Enquirer: 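First, the structure itself, so that you have it in front of you.
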Amino acid sequence: MKNRDIPPGAEETAVAVLGWLANEPDMLSRFLALSGIQPGQLREAVNDPGFLAGMLEFLMQHEPTLMAFCTATETNPETVVSAYHQYVRPGLDSGEY
């Protein structure tokens, strides 16, 4: 699952999100429905940095979900945001280059 362009801390956060989702069947079902990923595709999808970015974005788009993850895993919300930004580099049109 290693992606040499992604810092280990960001990857650890993404893996923690996946682990948390795996233990939250309702939340996992919601994520799969929104992402269009089938349960059988998860093993392959975790190797895709875009999938991991989408999973992190899923948390950030709904504050109660983000806070549930952060509480359950004792993770700061800023850690999730930082990990997301490691996966999604700003584009030229973002003003953040």
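Being a predicted model, the structure only gives us computed values, none of them experimental.
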Enquirer: Check Phe69 against Val80 and note the closest heavy-atom contact, atom names and distance.
Expert: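 Between these two residues, the closest heavy atoms are CE2-CG2, 3.7 Å.
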
Enquirer: What distance do Tyr84 atom OH and Met60 atom CE have between them, rounded to the nearest 0.5 Å?
Expert: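 Separation between the atoms: 5.0 Å.
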
Enquirer: What pair of heavy atoms forms the shortest contact from Leu66 to Leu59, and how long is it?
Expert: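 Heavy-atom minimum between the residues: CB-O, 3.3 Å.
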
Enquirer: Heavy atoms only: give me the nearest Phe58-Leu21 pair and the separation to one decimal.
Expert: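 Closest approach of Phe58 to Leu21, heavy atoms only: CE2-CD2, 4.0 Å.
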
Enquirer: Does some side-chain heavy atom of Tyr87 sit less than 4.5 Å from a side-chain heavy atom of Glu57?
Expert: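 With C-beta onward as the side chain, the pair stays apart.
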
Enquirer: With distance as the sole test, does Ser82 use its side chain to make a donor-acceptor pair with the main-chain N or O of Glu78 at under 3.5 Å?
Expert: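 Side chain of Ser82 to backbone of Glu78, a donor-acceptor pair under 3.5 Å: no, none is there.
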
Enquirer: Using 0.5 Å steps for rounding, measure from the OG atom of Ser29 to the CD atom of Glu24.
Expert: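 Nearest 0.5 Å value for the OG-CD distance: 11.0 Å.
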
Enquirer: Heavy atoms only: give me the nearest Met67-Pro77 pair and the separation to one decimal.
Expert: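 Taking Met67 first and Pro77 second, the nearest heavy atoms are SD-CG, 3.9 Å.
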
Enquirer: Considering all heavy atoms of both residues, which atom of Gly50 and which atom of Asp48 are nearest to each other, and what is their separation?
Expert: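 The pair with the smallest heavy-atom distance is N-OD1, 2.8 Å.
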
Enquirer: What are the two closest non-hydrogen atoms of Pro7 and Gln86, and how far apart are they?
Expert: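 Result for this residue pair: CG-OE1, 3.2 Å.
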
Enquirer: Whether the side chain of Thr79 engages the backbone of Thr75 through a donor-acceptor N/O pair (distance < 3.5 Å, no angle test) should be reported.
Expert: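 No; zero donor-acceptor contacts below 3.5 Å.
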
Enquirer: In a table with atom names and distances, give each donor-acceptor pair under 3.5 Å that connects a side chain of residues 31-45 to protein atoms at least two apart or in another chain.
Expert:
unit_1 : atom_1 : unit_2 : atom_2 : d
Ser35  : OG     : Phe31  : O      : 3.0
Ser35  : OG     : Leu32  : O      : 3.3
Ser35  : OG     : Ile37  : N      : 3.2
Gln41  : OE1    : Gln38  : N      : 2.7

